[in-house]
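Here's the structure, in structure tokens; my notes come after.
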Amino acid sequence: MNYWLVKSEGDCYSIADLKRDKRTAWTGIRNYQARNFMRDGMKKGDLVLFYHSQSEPSGIYGLAKVVSEPHPDETAFDKKDEHYDPKSKREAPTWMCVDLQYVKTYKEPLSLADIKRDTKLEGMWVTRKGDRLSVQPVSEKHFKWIEKLLSK
DNA sequence: GCCAACGTTGGC
DNA sequence: GCCAACGTTGGC
């Protein structure tokens, strides 16, 4: 079992949107490192912290679960899609994604400031300066602590 | 809206 | 293959 964190701009696709949709293909990732985590690291059943960036406050708002194997990101083939990438070919897709299923929304978000303040969460990717990675691994220790903090 | 960080692009 | 220019992300 692995743990992850995905970022989404809060007013773009939020945990409330995921709740409404029940599940969604996590498309539009156009960063190789993030793609590698999804393609090579994520397994069905892995738990995923849902992080809102550009929000007030930015932080962890909910929980999702990986419910598919990695598959090609269809939006890369769609000329009309904002994430269209002419370099990604159907026979050799550049971009891969997984499907995420809604699990829950936390009563209170865990803000970035909270995360930075908590010495037990030291070393998390989101706290790294200049961090822009939209899919990132979370250690079991950090995940368990966050769940504990948020289930209160 | 600003700006630091950093990935990507493209000229050479 | 280097590296400057450019674009994007995301906190503040």
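Computed from heavy atoms alone, side chains included, the values below leave out hydrogens, waters and symmetry copies.
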Inter- and intrachain pairs under salt bridge (Lys or Arg N to Asp or Glu O under 4.0 Å), touching residues 55-71 of chain A, at least two apart: none
Annotated protein contacts, base or backbone, on nucleotides 1-10 of chain B with a non-hydrogen cut-off under 4.0 Å, one of B, S, - each: ----BB-SS-
Atom pair distance, as rounded to whole Å: CZ in A:Arg117 and C1' in C:dG11: 15 Å
Under 3.5 Å: donor-acceptor pair, side chain of A:Gln136, backbone of A:Val6: no
Contact check, side chains of A:Ser14 and A:His52, non-hydrogen atoms, under 4.5 Å: yes
A:Tyr51 and A:Trp125 aromatic centres sub-6.0 Å: no
Evaluation steps, ring pair (Phe, Tyr, Trp, His ring centres under 6.0 Å), between A:Phe77 and A:Trp95: CA-CA 10 Å; A:Phe77 309 131; A:Trp95 303 112; over 10 Å; no
